[in-house]
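Below is one structure, written out as structure tokens; comments come after it.
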Amino acid sequence: MFLKPRFPSHELLCLRSLTSRTSILAKSRQHYRNLEKGLEGETYYDEWLKTLPEEKTIILCDLLFETNHTHFQIDTLLLTPDTLYLFEVKNYEGDDYRDGDEWYKMAGDEIKNPLLQLKKSESMLRQLFQEHRLHFPMKPYLVFPHPNFFLYYATPDLPIIFASQIKRYLSKWQSRNRPLSKTQRQLAERLKTLVIESSPYTLLPSYTFEQLQKGIFCPTCSSLLQLQDKTLMCQKCS
Ligand SMILES: [Zn+2]
């Protein structure tokens with residue numbers, strides 16, 4: 001069951017609206033696209049997790065915590081009767097390769113190594129547990145839900161779940177033969193109370209009211225709606 005479901009972030013909602021209403025956002029546009037793409041991958045993985053039995057699993061999405069004056073964000077936590085799984089979801093497409101601690105796009109650009117990012121999130125979560133005297137076995141995984149992603153030089157020891165492996169991992173978690181205990185459910189509730197609501201990472205571009213296109217936009221395709229006989233109609237998707 002989802003104890004804390006996922007919603008588009010405040011930042012993403014603002015950028016969505018600004019993208020429809022302005023044309024001055026070239027710089028922010030890439031950032032906006034990345035956020036949409038990230039959410040798409042996370043939501044797709046959520047749909048898979050949704051199929052897990054409610055009495056054996058609790059899922060917490062999109063978590064911002066603070067420990068030792070440092071904020072850190074976790075995409076998804078899955079609590080099962082014996083392990084707390086930490087997922088960092090990356091909706092990458094195309095071919096990447098690893099070279100030691102470095103991570104590259106096939107085109108040659110080096111990007112931030114998501115495995116190091118995962119390690120950091122895990123370490124922060126352990127610190128948070130220490131601070132609040134919580135105890136539970138933890139296991140981190142990097143998840144690549146996009147079927148068009150491939151990683152060269154991946155080895156079996158890496159904590160990675162590729163798109164083609166999701167189903168198998170789920171059936172493994174499904175087959176746990178006992179339900180969550182009361183104490184375990186309390187742990188999940190406790191984690192939920194530690195979540196911070198507003199993100200310090202929000203990056204919104206500056207704009208003025210005059211620059212914005214006024215009007216109401218289609219909730220489906222984001223184009224401007226036209227008024228026809230007291231009815232708002234989308235010309236694009238009807
Ligand atoms: Zn529309």
Side-chain angles (χ1 to χ4, degrees), residues 1-52 54 59-64 73-78 87-96 105 107 109 111 114 143-150 161-164 166-167 170 192 195-238:
M1 70 167 258
F2 281 82
L3 184 61
K4 184 179 180 297
R6 188 181 313 280
F7 298 105
S9 65
H10 175 72
E11 180 183 24
L12 177 55
L13 290 176
C14 287
L15 282 171
R16 246 184 219 167
S17 175
L18 284 172
T19 306
S20 309
R21 291 176 195 278
T22 59
S23 53
I24 50 155
L25 293 163
K27 261 197 301 186
S28 310
R29 214 152 270 224
Q30 189 56 43
H31 176 59
Y32 165 64
R33 273 199 291 262
N34 290 343
L35 290 181
E36 287 284 16
K37 191 153 199 302
L39 178 67
E40 209 177 274
E42 288 156 12
T43 311
Y44 174 81
Y45 189 55
D46 291 346
E47 289 299 315
W48 278 105
L49 294 179
K50 228 183 238 178
T51 63
L52 289 169
E54 289 200 3
I59 301 149
L60 295 133
C61 296
D62 198 13
L63 309 160
L64 182 71
Q73 190 251 327
I74 287 174
D75 289 338
T76 311
L77 288 177
L78 168 69
F87 301 120
E88 174 81 32
V89 182
K90 295 285 180 201
N91 200 14
Y92 293 176
E93 269 183 81
D95 298 334
D96 286 13
K105 292 272 145 205
D109 294 336
I111 59 166
V143 183
F144 293 107
H146 205 290
N148 291 345
F149 176 71
F150 188 80
I161 302 176
F162 292 102
S164 56
I166 294 177
K167 230 176 164 175
L170 286 177
K192 197 184 165 193
V195 170
I196 299 167
E197 284 309 323
S198 73
S199 166
Y201 302 122
T202 306
L203 275 173
L204 284 182
S206 60
Y207 57 91
T208 63
F209 183 70
E210 287 70 30
Q211 288 168 314
L212 300 180
Q213 166 80 52
K214 314 302 187 293
I216 298 173
F217 287 83
C218 172
T220 309
C221 76
S222 303
S223 55
L224 191 61
L225 297 178
Q226 306 291 330
L227 193 61
Q228 288 173 348
D229 300 328
K230 295 185 182 171
T231 303
L232 281 167
M233 177 77 169
C234 179
Q235 305 287 333
K236 206 170 158 192
C237 72
S238 306

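These numbers come from a predicted model, not from an experiment. We count ligands from 1, going down the list as the structure has it; atoms in each ligand are counted the same way.
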Discussion item. Applying the side-chain hydrogen bond (donor to acceptor under 3.5 Å, both in side chains) criterion to Asn34, which one of Gln30, Lys37, His31 satisfies it?
Written reply: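 The side-chain hydrogen bond (donor to acceptor under 3.5 Å, both in side chains) with Asn34 is passed solely by Gln30 among Gln30, Lys37, His31.
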
Worksheet item: Going by chain and residue number, what protein N/O/S atoms come nearer than 2.8 Å to the Zn ion (ligand 1)?
Response: Cys218 SG, Cys221 SG, Cys234 SG, Cys237 SG

Is the backbone of [Y] close enough, under 3.5 Å, to the side chain of [X] for a donor and an acceptor to pair up by distance?
{"X": "Lys214", "Y": "Phe209", "answer": "yes"}
{"X": "Ser20", "Y": "Arg16", "answer": "yes"}
{"X": "Thr51", "Y": "Trp48", "answer": "yes"}
{"X": "Lys90", "Y": "Phe144", "answer": "no"}

Practice prompt. Ignoring hydrogens and angles, state whether a donor on the side chain of Glu36 or Tyr32 is under 3.5 Å from an acceptor on the partner side chain.
Written response: yes

